[in-house]
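Have a look at the structure below, then the notes.
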2 protein chains.
Amino acid sequence: MNYKEAKDKFIQTWGSLGTLWGINKAMAQIHALLFISPEPLSMEDVMEELHISRGNTSMNLRQLIDWGIVYKTSKVGERKEYFASEKDINELAKQIARERSRREIQPTLKVLKEVSSIEDDGSEKTKEFIRQTKALHDLASTADSIMNRVVNQESNWLTKTFMKLLK
Amino acid sequence: MNYKEAKDKFIQTWGSLGTLWGINKAMAQIHALLFISPEPLSMEDVMEELHISRGNTSMNLRQLIDWGIVYKTSKVGERKEYFASEKDINELAKQIARERSRREIQPTLKVLKEVSSIEDDGSEKTKEFIRQTKALHDLASTADSIMNRVVNQESNWLTKTFMKLLK
DNA sequence: ATAAACTTTCAATAATTTTTGAAAGTTTAA
DNA sequence: TTAAACTTTCAAAAATTATTGAAAGTTTAT
């Protein structure tokens with residue numbers, strides 16, 4: 001396998017994985033491309049490499065910036081903007097964990113808390129509902145605490161902790 | 001909020017969350033319904049509660065069974081099959097972790113290993129590619145080890161470990 | 001063997017999500 | 001101020017994914 005083949009395969013794989021953690025294919029592919037590029041790329045570069053339209057590129061770059069895993073840079077004497085991805089893998093993991101917590105877990109916890117607080121009328125179905133939604137709340141809440149802890153520690157905490165756990 | 005409202009809200013929320021962990025809405029809603037039901041439900045019951053077709057119900061119940069989080073049961077003297085979800089939250093978390101590892105992480109690891117093994121021709125872009133794909137491989141691999149450990153421990157390991165970490 | 005009770009399959013349709021591309025918007029240089 | 005260089009927006013189109021429902025399939029009782 002040569003560089004070009006490996007690169008295409010990586011971008012393709014990362015792209016289809018993206019849909020699994022809640023971002024679309026183009027967004028994940030742009031991220032993959034920037035992640036392995038030694039130099040920041042312009043919008044034009046991204047469009048050409050991935051064969052996607054200007055509009056699509058613009059919108060998805062914006063989203064990546066919103067997620068905090070891609071940055072705008074500029075080159076002296078050039079008007080164009082260039083884009084670079086977060087290169088540090090720990091920083092990337094932290095950022096993703098942070099965003100997933102904010103976008104998914106927090107809103108879910110809110111709903112779980114709400115629905116598990118209905119009045120217990122004594123019926124079996126109500127009891128079961130309260131029991132099960134409370135259990136889910138606890139699970140999600142615990143998972144979220146872990147994620148927040150990862151997010152708020154020094155960059156290597158994740159790896160260190162994992163290594164300890166694996167001993 | 002009464003029981004019916006809370007139930008609908010829970011099913012709705014769980015349904016839209018589903019798309020985020022890689023299962024479709026109907027599948028997640030069926031799971032939600034069974035998860036809070038004190039009794040196993042028939043296909044008919046599920047169709048009526050969620051207003052979805054027979055075919056849809058059948059296919060998604062099958063998938064839930066494939067994921068290992070819903071079981072078929074039967075009632076004596078009845079020909080119909082009934083369906084019940086895994087009720088134990090630790091078992092549910094384990095099962096989901098196990099399936100996500102098998103379906104997503106393992107295949108990704110395979111590709112990452114493959115593409116990060118291309119020959120280093122000394123160019124900056126190749127060096128960067130190898131460095132970054134290796135780093136991702138390490139991250140995914142570590143995350144997977146954790147998940148497998150969770151999967152292979154006694155039912156309460158997850159919660160216990162989390163509690164320790166939070167101290 | 002027949003038929004009733006039930007489940008599965010799958011081609012057609014519907015719903016949703018993504019992508020395009022051209023017009024509108026913005027910034028900078030002269 | 002003008003215009004060139006570049007980016008963003010968004011309605012329409014395309015692509016993808018989910019759902020339906022009726023026919024085919026299966027199982028069980030008689």
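Numbers restart at 1 for each chain; the letters A, B, ... are given by sequence-line order, proteins then strands.
With rounding to whole Å, K75(A) atom NZ is found 18 Å from dA5(D) atom P. Distance NZ (K80(B)) to C1' (dT7(C)): 12 Å, rounded to an integer number of Å. Summarising the geometry, the separation between NZ on K72(B) and P on dT7(C) is reported as 8 Å, rounded to the nearest angstrom. Atoms CZ (R62(B)) and P (dT7(C)) sit 14 Å apart, rounded to a whole Å. Atom OH in Y82(B) sits roughly 12 Å away from atom C1' in dC6(C) (whole-Å rounding). Atom CD1 of I65(B) is separated from atom C1' of dT7(C) by 11 Å (rounded to the nearest Å). Distance, L50(B) CG to dT20(D) P: 10 Å, rounded to whole Å.
For DNA chain C, the residues of residues 34-47 of chain B within the heavy-atom distance limit of 4.0 Å (strictly under) are M43(B), sorted by number.
Under the side-chain contact (heavy atoms from CB on, under 4.5 Å) criterion, E48(B) pairs with E44(B), sequence neighbours left out. Partners of Q63(B) under the side-chain contact (heavy atoms from CB on, under 4.5 Å) rule, at least two apart in sequence or in another chain, are M27(B), N60(B). With sequence neighbours excluded, the residues satisfying side chain to side chain donor-acceptor pair (under 3.5 Å) with S101(A) are Q106(A), D144(A). Residues meeting the side-chain contact (heavy atoms from CB on, under 4.5 Å) test with T126(A), sequence neighbours left out: I118(A), D120(A), D121(A), S123(A), I130(A), Y3(B).
For residues 6-25 of chain B, the salt bridge (Lys or Arg N to Asp or Glu O under 4.0 Å) pairs, not counting sequence neighbours, are E114(A)-K9(B), K4(B)-D8(B), K7(B)-E49(B). For residues 128-139 of chain B, the pairs satisfying salt bridge (Lys or Arg N to Asp or Glu O under 4.0 Å) are K87(A)-E128(B), E124(B)-R131(B), E128(B)-R131(B), with sequence neighbours left out. Residue pairs meeting the salt bridge (Lys or Arg N to Asp or Glu O under 4.0 Å) criterion with at least one partner in residues 57-73 of chain A, sequence neighbours excluded, are K72(A)-E81(A). Within the structure, no pair that satisfies the ring-ring contact (aromatic ring centres under 6.0 Å, His included) test touches residues 71-99 of chain B, not counting sequence neighbours. Residue pairs meeting the side-chain hydrogen bond (donor to acceptor under 3.5 Å, both in side chains) criterion with at least one partner in residues 28-37 of chain A, sequence neighbours excluded, are W14(A)-H31(A).
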(Q) Return a single string for nucleotides 23-30 of chain D, one symbol per nucleotide in 5' to 3' order, where B is base contact, S is sugar-phosphate-only contact and - is none, cutoff 4.0 angstrom on heavy atoms. (A) ----BBS-
Q) What string of B, S and - do you get for nucleotides 13-19 of chain C, 5' to 3', if B is base contact, S is sugar-phosphate-only contact and - is no contact with any protein heavy atom under 4.0 Å? A) -----SS
Q: Before giving the answer on side-chain contact (heavy atoms from CB on, under 4.5 Å), spell out for W67(B) and R103(B) the whole-Å C-alpha distance, their side-chain angles and the decisive distance to 0.1 Å.
A: CA-CA 10 Å; W67(B) 267 73; R103(B) 292 167 197 243; 3.2 Å; yes
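In this structure, I23(A) CD1 and I96(A) CD1 are separated by 7.5 Å, a value rounded to the nearest 0.5 Å.
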